[in-house]
Protein chains: 2
Amino acid sequence: MASVSRAMNGGSGVTAATSERIHAAASRLQYVPHAAARMLITRRSNTIGALLPDLHGEFFSELIRGIDLAARARGFHLLVSSSHDSAEEAAAAMRSMQGRVDGLLILSARVDAAFLRSNLPKSLPVVLINSAVKSTAHTVLNVDNFAGASAMVQHLLQAGHASVAFIAGPQSNFDAQQRDKGYRAAMAKYAPNAPIHIVAGDFTEESGYRAGRELLAQQTRPRAVFAANDMMAVGCLTAFKEAGLHVPQDIALAGFDDIPVARYVTPPLSTVRVRIVELGRIALEQLVAQLEKTEPLPAHADTLGCEIVIRESCGASLIATSSQNILSTSHP
Amino acid sequence: MASVSRAMNGGSGVTAATSERIHAAASRLQYVPHAAARMLITRRSNTIGALLPDLHGEFFSELIRGIDLAARARGFHLLVSSSHDSAEEAAAAMRSMQGRVDGLLILSARVDAAFLRSNLPKSLPVVLINSAVKSTAHTVLNVDNFAGASAMVQHLLQAGHASVAFIAGPQSNFDAQQRDKGYRAAMAKYAPNAPIHIVAGDFTEESGYRAGRELLAQQTRPRAVFAANDMMAVGCLTAFKEAGLHVPQDIALAGFDDIPVARYVTPPLSTVRVRIVELGRIALEQLVAQLEKTEPLPAHADTLGCEIVIRESCGASLIATSSQNILSTSHP
DNA sequence: AACCCGCATGAAAACGATTACGTTGCTGCT
DNA sequence: AGCAGCAACGTAATCGTTTTCATGCGGGTT
């Protein structure tokens with residue numbers, strides 16, 4: 001019956017009395033509208049898809065948490081497909097989500113503009129998270145790795161550490177690249193005479209350990225070390241301890257991410273925190289904003305600020321948290 | 001056209017030639033079958049729902065990972081709704097998933113048999129994870145908290161620690177109850193003359209810290225402490241360090257869960273590990289098994305074993321891992 | 001009193017797939 | 001040659017909702 005539909009949804013064009021009768025009957029019969037039939041005719045699923053790589057731990061759970069909370073607040077369901085480690089897997093997942101979702105949230109290092117074009121209908125709204133893609137066709141939401149890294153290096157220098165070395169992440173990783181740039185920029189600005197000192201790493205604890213040993217083996221030991229992520233900082237810390245060095249007295253150390261472990265190592269690790277829940281929330285809200293506009297929204301590129309968290313490992317006891325807020329830039 | 005459907009799906013009753021033509025045309029036109037239309041007529045969504053409480057960190061991400069991997073392997077999609085902290089929220093989420101999913105995976109302390117009966121059609125297959133529900137109507141999959149806790153206490157006693165105290169979890173929590181029982185059982189069996197010594201906790205780090213102080217304030221200090229989870233063990237460790245005690249020389253310590261932090265505290269924490277990915281995988285597979293049988297499968301109650309992980313905090317350097325496998329019991 | 005307008009309501013089409021069923025055409029047997 | 005049987009394929013019904021459109025009713029205006 002048509003009035004039933006009207007009563008259950010908008011309610012416009014139905015007497016209060018009939019609406020009342022309908023709702024009573026509906027709850028008496030435990031009537032639940034059939035989602036598929038509704039989807040078929042409305043061409044909306046009220047579902048958004050999240051396509052994620054093979055992530056472990058805190059980052060994954062907090063991101064999903066942010067997305068999920070925001071989605072529920074907006075009345076959307078969340079279809080998750082994670083643990084993709086090849087581009088083909090991700091493509092297959094993308095295609096199989098076709099038609100089940102109204103929009104897609106994608107976090108994947110391997111996804112680029114061409115990939116999206118060939119695997120998705122261009123009508124499907126997409127928000128890219130932490131992606132190097134500079135597309136005018138898709139909205140992109142990044143973490144301000146550059147500002148975070150640069151703020152931490154600035155802090156280390158201003159805390160009196162004359163030389164700061166950097167343990168880099170994987171070269172192909174976008175976040176790692178940005179952090180590298182942040183390190184170089186801060187060095188150039190605040191310690192133009194100090195040498196740029198970079199050793200390789202790949203974001204694993206093991207690689208951080210090797211990098212720590214490599215740093216100690218060189219003839220001039222840096223006064224402070226900034227690792228491109230916390231896991232490497234933890235590995236590096238192990239190397240320093242093995243060598244009998246005291247952190248931060250002999251050498252200062254800082255990481256990036258603020259994973260939970262950072263608080264529990266000895267000494268507690270200074271690091272750069274990303275508000276992951278918020279990252280997820282904002283990504284979802286941008287996507288929903290696109291859905292609700294009929295005309296395609298101009299592509300946006302947003303950046304979520306991060307804050308430095310000073311603990312003991314960097315040798316500055318003051319609790320200084322320089323936090324940036326959301327800086328937003330949009331291009332046509 | 002009917003042959004299209006036949007060609008795309010089973011393929012029975014279609015010439016190889018026509019099937020070929022159809023597939024060619026389909027890929028040329030980038031044809032993707034409309035999920036909603038298929039759902040409507042088939043009455044299957046190929047989607048399973050996961051209803052989870054407000055979990056943080058590793059446990060959540062690994063569980064989802066296990067579920068997701070298994071779901072993709074079986075061709076199912078995964079609809080997630082997490083971060084529920086009240087029963088009403090969970091109920092609302094359950095109802096809104098109605099008709100979108102073929103089955104439901106539920107992990108929630110607050111869900112009991114009556115709750116399920118009143119919020120879900122009894123035709124919807126459900127697998128309960130870590131639930132106290134003893135229902136003949138639903139399959140339940142639990143972690144063997146009892147055996148894990150009991151094995152750890154046994155280990156502590158046999159390592160020569162004459163007295164073992166226990167920091168309990170929240171009384172309402174099913175896992176906490178089982179771990180408590182495991183402690184008592186092992187004490188009764190392996191140290192019948194030692195006193196049962198329990199202090200309260202609520203699974204938070206803070207409560208572990210308080211429990212640690214409380215233990216030290218009492219006149220007889222236990223030789224070892226077993227905390228019902230790792231976070232409390234970490235808090236307790238802080239209390240011991242503050243009091244100038246050395247772990248494990250002065251007092252031994254063990255936890256439960258094997259969260260990542262356990263490896264990084266000093267000394268590294270002995271604990272009981274749960275294979276969470278596997279928990280998720282098995283839960284999903286049980287659910288799928290129910291879906292694929294036409295007649296309702298008899299309700300199962302399965303238990304996933306866990307293994308004790310010996311590090312330094314318990315004062316036994318031997319690398320003994322006593323692992324139970326899956327013990328399965330089914331009732332009519 | 002006649003007419004018109006607005007509003008509540010029901011009838012029917014549409015969405016895009018699956019599937020039961022009917023039709024066609026071919027093969028092979030008598 | 002005629003007929004039975006079978007395989008391939010198309011027609012049409014179906015799923016449950018939304019939405020458009022027509023209908024009928026009541027009230028207000030002239």
Side-chain angles (χ1 to χ4, degrees), chain A residues 1-47 49 75-77 79 94-103 120-121 123-125 291-292 294, chain B residues 1-47 49 75-77 79 94-103 120-121 123-125 291-292 294:
Chain A
M1 199 187 319
S3 296
V4 173
S5 176
R6 283 187 278 261
M8 302 300 287
N9 302 345
S12 143
V14 194
T15 310
T18 22
S19 172
E20 173 58 30
R21 262 192 314 137
I22 288 172
H23 278 104
S27 72
R28 183 165 42 81
L29 302 177
Q30 292 203 291
Y31 166 79
V32 181
H34 196 289
R38 215 214 285 270
M39 265 172 79
L40 179 59
I41 189 79
T42 36
R43 336 214 99 240
R44 286 190 113 242
S45 58
N46 284 313
T47 303
F76 279 84
H77 290 261
L79 199 58
M94 268 174 56
R95 278 192 295 263
S96 83
M97 279 192 174
Q98 281 269 15
R100 300 183 164 264
V101 299
D102 297 337
L120 281 183
S123 57
L124 190 71
L291 295 182
E292 289 177 348
T294 48
Chain B
M1 199 186 321
S3 296
V4 174
S5 175
R6 281 187 278 260
M8 302 300 285
N9 302 345
S12 143
V14 195
T15 309
T18 23
S19 172
E20 174 56 32
R21 263 193 313 136
I22 289 174
H23 278 103
S27 72
R28 183 165 42 83
L29 303 176
Q30 290 202 293
Y31 167 79
V32 181
H34 197 288
R38 210 213 287 266
M39 265 171 78
L40 179 59
I41 189 79
T42 322
R43 335 214 99 240
R44 285 189 114 243
S45 57
N46 285 313
T47 303
F76 278 84
H77 289 261
L79 199 59
M94 268 174 56
R95 278 192 296 262
S96 83
M97 280 193 172
Q98 281 271 14
R100 301 183 164 264
V101 298
D102 297 336
L120 282 182
S123 58
L124 190 71
L291 296 181
E292 290 177 348
T294 48

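Every chain is numbered from 1 and lettered A, B, ... according to where its sequence line falls, protein lines coming before strand lines.
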- Side chains of B:T47 and A:L79: closer than 4.5 Å at any heavy-atom pair? yes
- Nucleotide C:dT9, atom P - distance to CG of A:N9 in whole Å: 16 Å
- Say you draw a straight line from CG of A:D102 to CE of A:M39; how long is it, rounded to the nearest 0.5 Å? 8.0 Å
- Message: Between B:S5 and C:dT19, is there a contact of a side-chain N or O with OP1 or OP2 at under 4.0 Å?
- Response: no
- To the nearest Å, how far apart are A:N46 CG and D:dT17 C1'? 14 Å
- Task: Walk me through it: do A:R100 and B:S45 pass the test side-chain hydrogen bond (donor to acceptor under 3.5 Å, both in side chains)?
- Result: CA-CA 10 Å; A:R100 300 183 164 264; B:S45 57; 5.7 Å; no
- Taking the side chain as every heavy atom from C-beta outward, state whether B:H23 and B:M8 have any atom pair closer than 4.5 Å. yes
- For the pair made of CD in A:Q98 and C1' in C:dA17, what is the distance, rounded to whole Å? 16 Å
- Message: Could you tell me if the side chain of A:R44 sits less than 4.5 Å from the side chain of A:L291, heavy atoms only?
- Response: yes
- What integer distance in Å separates A:R6:CZ from D:dC21:P? 13 Å
- Item | More than 12 heavy atoms from other groups under 6.0 Å of CD on A:E292 | yes
- Message: Which residues in residues 32-43 of chain B have a heavy atom closer than 4.0 Å to any atom of DNA chain C?
- Response: B:V32, B:P33, B:H34, B:A37, B:R38, B:L40, B:I41
- Taking only the side-chain nitrogens and oxygens of B:T18, find out if one of them lies under 4.0 Å from OP1 or OP2 of D:dC9. yes
- Just how far, in rounded Å, is C1' of C:dA17 from OH of B:Y31? 7 Å
